[in-house]
Each structure stands twice: as C-alpha cells, then as structure tokens.
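Contents: one structure, followed by commentary.
Convention: sequence-line order gives letters A, B, ...; per-chain numbering from 1. Keep in mind the model is a prediction, meaning the values are calculated, not measured.
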Amino acid sequence: MNWPTTAAEAIAVQEELREQVDRSDHGRAPRFVAGLDVQYDGDRLAAAVVVLEWATLAEVDRAVVPGTTKFPYVPGLFAFREVPALLDALEQLTSTPDLLVCDGQGVAHPRRFGLASHVGVLTGIPAIGVAKTAFVGTHADPASARGSTAELVLDGEVVGAVVRTQDGVKPLYVSVGHRVSLPTAISHTLHLSPRYRLPETTRAADRLCRDAL
DNA sequence: GCGACAG
DNA sequence: ATCTTGTCGC
C-alpha cells in the first residue's frame, strides 16, 4: 500500500474514502471484538491488537508489531500516523474479529473520516471510535449515572455521543466508524466497559503495546 | 486574526 | 503521545 506524505495528499485520500463510510448496522451481535492501540517512544512505535470474546471478554488472540513513525501528528490527519502499523498488526492475527474498537474518533471528525472510519473502510470490518477526549463538536454534559449519554453535534449534525461508562467518571466520546449505527456503537461501548471507564478492548491493547516498547 | 486541536 | 508528586479512595 502507498501512503500519502503531505497533508494535502492525506486530505485528498480522506475526501475520497469518506464516501465509502456506512453508518448502519450489519448482522448480529459480534462474537470477537478487537481493541486497537499504538504506543510511541520517539520515532519508534508499537501497534497492538487484542481480540476478546464478546460474551466473556476473555482474550482469544493478540498481535503486536514494531514500527517507526512515518507521518507527524496533525489534528485531523491522525489516522495516517497509526493506520499502517495497525493494519500490519491485524494481519498477524490468527482470527478475524467482527468489530474493531479504535482509540480515537470515527465520523466525529472535520471531514467525517477519523481513525475508526479509516480502519473500518480499509478492512471492511465494522468499527467504532471510542476517544478519551473531545476533538470536534458541541455537547451537553451527560447525567452522572453509567449509561447516560449526550449528543455530539457538529455543523448541525449528530456525529457521535458523549457516553458515561461509569458513575461519576469522565465520559468517553463515541462515534460510528463503519458498518455500525451510533445507537449500536454506544451499546457496544457500554457492554465492553463493565467495570472501568475505558472498554476492556482498549485496556488490553494499551497494556500490550505499552509492554512491547 | 485568535484559539483549539483524537493520539 | 509525553513531561510529572502527591494524594484520596476502595
């Protein structure tokens, strides 16, 4: 695969691929869910993917690959920094997940094509974005109880939801990546976060690439 | 113009 | 992402 080098090229790629994003549901509840994350140390990086069984959240597969940064962090072009390494890691899996949980935004993005949408479109696998902080949009503060949500609005369009995964803790920013509806993305996020603020998928992937560096 | 800005 | 101490709470 050939990756863009300049911001202009990267934006052109996003404008092209954004048309393929599907914001609707497909199929039944997932059986295997993957968490994706990347860790950095200077120019070196480690990309990790951990697959959990949906029903038990027990780990069934994992892959972590080393790499080097080939694109700077630019708000709005974040995916070009992580996607190449994440695709490498996905190829190393012996199983095929049917839901990808990405550490960042999906369509809650200036051009509606954040990391989760990028990974989803390139793999064809349903994907959702679960970010720890806001990137774009305005929203009300969701009620303090676990499960409470608030719409994330950008240019008059609902691009995601602010979701409280635990009582009284900072909410997460959930958005559609690809082939999953927003209500389903919210439901999935809550299922994957039975005890902590972050989904178990994200926690597992974060641990793996952190240890790998 | 100024500030904000996923990881 | 990373730089960084102590502190409150289970």
Evaluate ring-ring contact (aromatic ring centres under 6.0 Å, His included) for A:H118 paired with A:F80, printing each intermediate quantity in order.
CA-CA 9 Å; A:H118 208 135; A:F80 295 94; 5.1 Å; yes

Sorted by number, residues from residues 189-210 of chain A placing a heavy atom under 4.0 Å from DNA chain B are none

Under the 3.5 angstrom rule, does the side chain of A:H191 hit a backbone N or O of A:W54 as a donor-acceptor pair?
yes

Starting at the 5' end of DNA chain C, what dot-bracket string do you get if Watson-Crick and G-U pairs under 3.5 Å are bracketed, crossing pairs use [ ], other-strand pairs use | and unpaired bases use dots?
..........

With a 4.0 Å cut-off, would you call A:K132 and A:D103 a salt bridge?
yes

Nearest-0.5 Å distance, CG of residue A:L172 to CZ of residue A:R164:
10.0 Å

Tell me yes or no: between the side chains of A:T68 and A:D43, is some donor less than 3.5 Å from an acceptor?
no

Donor-acceptor pair, A:D61 side chain versus A:L93 backbone, under 3.5 Å?
no

Pairing annotation in dot-bracket form, given for DNA chain B with Watson-Crick or G-U pairs under 3.5 Å and | for cross-strand partners
.......

Output the rounded distance in Å from CG (A:D41) to C1' (C:dA1).
11 Å

Under 4.0 Å between any heavy atoms, over every strand shown, what does A:A108 touch: base, sugar-phosphate, or nothing? Just pick one.
nothing

Answer with yes or no after comparing the ring centroid distance for A:Y173 and A:H139 against a 6.0 Å cut-off, counting only values under it.
yes

When clusters are formed by joining ILVMFWY residues with side-chain heavy atoms under 4.5 Å apart, either directly or through shared neighbours, do A:L36 and A:W3 land in the same one?
yes

Could you give the CZ-to-C1' distance, from A:R81 to C:dA1, as a whole number of Å?
7 Å

First and last nucleotide of DNA chain B touching chain A, 5' to 3', heavy-atom cut-off 4.0 Å?
B:dC5 to B:dG7

Donor-acceptor contact below 3.5 Å, side chain A:H109 vs main chain A:G76:
yes

Do other residues, nucleotides or ligands put more than 12 heavy atoms under 6.0 Å from A:E151 CD?
no

Residue pair A:F32 / A:V60, side-chain heavy-atom distance below 4.5 Å
yes

Base, sugar-phosphate, or nothing for A:F78, non-hydrogen atoms under 4.0 angstrom?
base

Pick base, sugar-phosphate or nothing for A:L77, based on heavy-atom distances below 4.0 Å to the nucleic acid.
base

If you count the non-hydrogen atoms of other residues, nucleotides and ligands that lie under 6.0 Å from CZ in A:R31, is the total more than 12?
no

Looking at A:R62 and A:A205, would you say the former's side chain and the latter's main chain have a donor-acceptor pair under 3.5 Å?
no

Any donor-acceptor pair under 3.5 Å linking the side-chain atoms of A:Y73 with those of A:E82?
no

So which protein N/O to nucleotides 5-10 of chain C N/O distances come out below 3.5 Å?
none

Check whether A:T165 reaches the backbone of A:R197 with its side chain - one donor and one acceptor, N or O, closer than 3.5 Å.
yes

When we call it a touch if two heavy atoms are under 4.0 Å apart, what does A:G129 touch: a base, just sugar-phosphate, or nothing?
nothing

With distance as the sole test, does A:D25 use its side chain to make a donor-acceptor pair with the main-chain N or O of A:V180 at under 3.5 Å?
no

State whether the side chain of A:T123 and the backbone N or O of A:I125 hold a donor-acceptor pair below 3.5 Å, judged by distance alone.
yes

If you take any heavy atom closer than 4.0 Å to DNA chain B, which residues from residues 144-159 of chain A end up in contact?
none

Between A:R195 (side chain only) and A:Q166 (backbone N and O only), is there a donor and an acceptor less than 3.5 Å apart?
no

